[in-house]
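Below is one structure, written out as structure tokens; the observations come after it.
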Amino acid sequence: MKIKVVALLMVLCVIVAALSGAQLKRPESESKNTLGDRLIGTVITTESLNTFDMEAYLNENIDSIIKDENHTVNIEDKQNYNNKIYARQVTKEDITEDGEKITHKEYVFDDIDGFWIFDAKIPSTETEKSYTCLCSEGGISNVNSKLHHTDNEVEEIELTADIYYSYEKSGTIFYMNPVYQESDGDIYCVEGTGYAVSGSSSGSQTLSDKITVNDNDEKIVYQSKVTINYIPIYVPSNIEFIFMNDDNKAIKEEKFRPENVPEELTVPKGTEYVIVIEKNEEGSIANVIGKNCENAEFIAEDNDGFCSLHSVNLVW
């Protein structure tokens, strides 16, 4: 028995050492669980975040681990000892159609390599009122955000988005890591569950949550639902723009590599509609853009087999 205990402790020490280099941010106060924090979105990664706090778990459970040679970590333990990776608030600059520069605040996860989407509530300051900001990063496409308030004090958040990936990435595991916002405004991510995608069909993952909080003796219900769709595609090798007149004849054709499509294209006089063709190894996909439409979308590879929707401004 002594040999088993020593061997177990050696294994545990190795695990702790392996996890000690993880870049995790802990709040200064005592770690809190997610009960009472609002689910506002997700971070999608292709590797597990491994945020389980093994060191704290061992310190508090070493006696039971030694006594039970078949000891396992259950789901409740994973939740109670799940470290939080906190987001950083940044200020970004936008330019309006009139050329005016405006700024807004949002949140980013510096320590996570992945795609994220969440609706963050920016806390009020002495000079600014509180507002909600959609934060999105990486190869996220077709983002749809719905924020709804009902008469019976229910606030609903519903987010959907698509991730396009090459058929060659079949078998990739996407981890859907929940993002929460605390009552003081801080935003964090915790380890989620994995989903192995197939090269033959689309798939999806969904997170949902519902909490009730007391605000000045008034109960408010927060409901959240986040859905990510994973869509396999053939990566386009060329993008072709065909400008057609009202006789359905081509006035002009322009071809580009996806990464070389300019930010804007001037539409020739007499153009009635534009055909955008994405050519890939298996054939092509054509989309028709109506007259005076300001943008034309196409899919392009961002990096390593992951793609997203890109846009070119059409100047009529």
Side-chain angles (χ1 to χ4, degrees), residues 34 38-52 75 78-79 82 85 87 108-109 112-120 134-148 156-180 187-210 223-237 239 258 276 278-287 297-311:
T34 59
R38 300 174 59 199
L39 174 69
I40 60 171
T42 183
V43 175
I44 304 297
T45 60
T46 55
E47 294 184 2
S48 174
L49 291 181
N50 290 325
T51 58
F52 183 67
I75 295 177
K78 286 187 176 181
Q79 292 176 342
N82 201 348
I85 304 177
V108 298
F109 284 96
I112 303 179
D113 181 15
F115 319 99
W116 60 74
I117 174 175
F118 53 90
D119 263 322
L134 178 65
C135 303
S136 178
E137 185 74 18
I140 297 284
S141 301
N142 302 319
V143 173
N144 189 3
S145 172
K146 295 180 181 178
L147 183 60
H148 181 62
E156 298 174 338
I157 295 176
E158 185 173 353
L159 293 173
T160 60
D162 299 334
I163 293 180
Y164 295 103
Y165 64 95
S166 166
Y167 277 101
E168 296 179 357
K169 304 292 288 186
S170 177
T172 297
I173 299 177
F174 288 102
Y175 293 88
M176 192 175 194
N177 307 289
V179 174
Y180 293 91
I187 290 173
Y188 65 88
C189 177
V190 293
E191 182 179 351
T193 57
Y195 177 86
V197 297
S198 166
S200 58
S201 60
S202 302
S204 66
Q205 280 181 291
T206 298
L207 292 172
S208 60
D209 197 17
K210 180 179 179 180
Q223 294 183 169
S224 310
K225 184 179 180 181
V226 186
T227 300
I228 301 296
N229 302 306
Y230 304 108
I231 305 173
I233 64 166
Y234 291 104
V235 179
S237 56
I239 309 295
V276 182
E278 302 172 12
K279 294 187 175 181
N280 57 59
E281 61 185 67
E282 290 295 314
S284 60
I285 300 173
N287 294 302
E297 292 184 331
F298 59 92
I299 291 178
E301 184 176 16
D302 297 317
N303 59 74
D304 193 28
F306 296 109
C307 307
S308 64
L309 276 179
H310 292 243
S311 178

Heavy-atom distance under 4.5 Å between the side chains of Y175 and L49, does that happen here?
no
Quick one, V190 with Y180, criterion side-chain contact (heavy atoms from CB on, under 4.5 Å). Give me CA distance, side-chain angles, the key distance, then yes/no.
CA-CA 8 Å; V190 293; Y180 293 91; 4.0 Å; yes
Salt bridge (Lys or Arg N to Asp or Glu O under 4.0 Å) involving D113 - partner list, sequence neighbours excluded:
none
Full working for side-chain contact (heavy atoms from CB on, under 4.5 Å) between Y167 and N280
CA-CA 12 Å; Y167 277 101; N280 57 59; over 6 Å; no
Verify, without hydrogens or angle tests, whether N177 (side chain) and G192 (backbone) share a donor-acceptor contact under 3.5 angstrom.
yes
Go through the steps to decide whether I299 and L309 satisfy the test side-chain contact (heavy atoms from CB on, under 4.5 Å), and finish with yes or no.
CA-CA 5 Å; I299 291 178; L309 276 179; 3.7 Å; yes
Atom OG in S141, atom CD1 in I163: separation rounded to 0.5 Å?
8.5 Å
Taking only residues two or more places apart in sequence or in another chain, which ones pass ring-ring contact (aromatic ring centres under 6.0 Å, His included) with F115?
F306
Enter the distance from S224:OG to L147:CG here, rounded to the nearest 0.5 Å.
9.5 Å
Would you check, one step at a time, whether the test side-chain contact (heavy atoms from CB on, under 4.5 Å) holds for M176 with V226?
CA-CA 10 Å; M176 192 175 194; V226 186; 4.1 Å; yes
Only one of T227, L159, T206, I117 passes side chain to side chain contact (heavy atoms under 4.5 Å, CB included) with T42, and that residue is I117
So does R38 pair up with D209, basic N to acidic O under 4.0 Å?
no
Closest non-hydrogen contact found for G139 with S308 is CA-CB, 3.9 Å
State, without any angle test, whether S48 and E191 hold a side-chain donor-acceptor pair at a distance under 3.5 Å.
yes
Taking the side chain as C-beta and beyond, is there a heavy-atom pair between V235 and C307 under 4.5 Å?
yes
Under a 3.5 Å threshold, yes or no: a donor from one side chain and an acceptor from the other, between E278 and Y234?
no
Smallest separation among heavy atoms of N229 and S204, with atom names:
OD1-CB, 3.3 Å
Atom pair CG (D162) and CD1 (I231), whose distance is rounded to the nearest 0.5 Å
4.0 Å
For V143 and A161, work out which heavy atoms get closest and say how close.
CG2-CB, 4.2 Å
Nearest 0.5 Å, please: how far is OG1 in T160 from NZ in K225?
9.5 Å
Quick one: closest heavy-atom pair of C135 and A120, and the distance?
SG-CB, 4.1 Å
Contact summary for I85 and F109, nearest pair of heavy atoms
O-CE2, 3.2 Å
Can you measure from CG (N287) to CD (E297) and round to the nearest 0.5 angstrom?
9.0 Å
Closest non-hydrogen atom pair between S198 and S170, with its separation
C-OG, 3.6 Å
Side chain to side chain, Y230 and I44, heavy atoms closer than 4.5 Å:
yes
When rounded to the nearest 0.5 angstrom, what distance separates OG in S284 from CD1 in I239?
10.5 Å
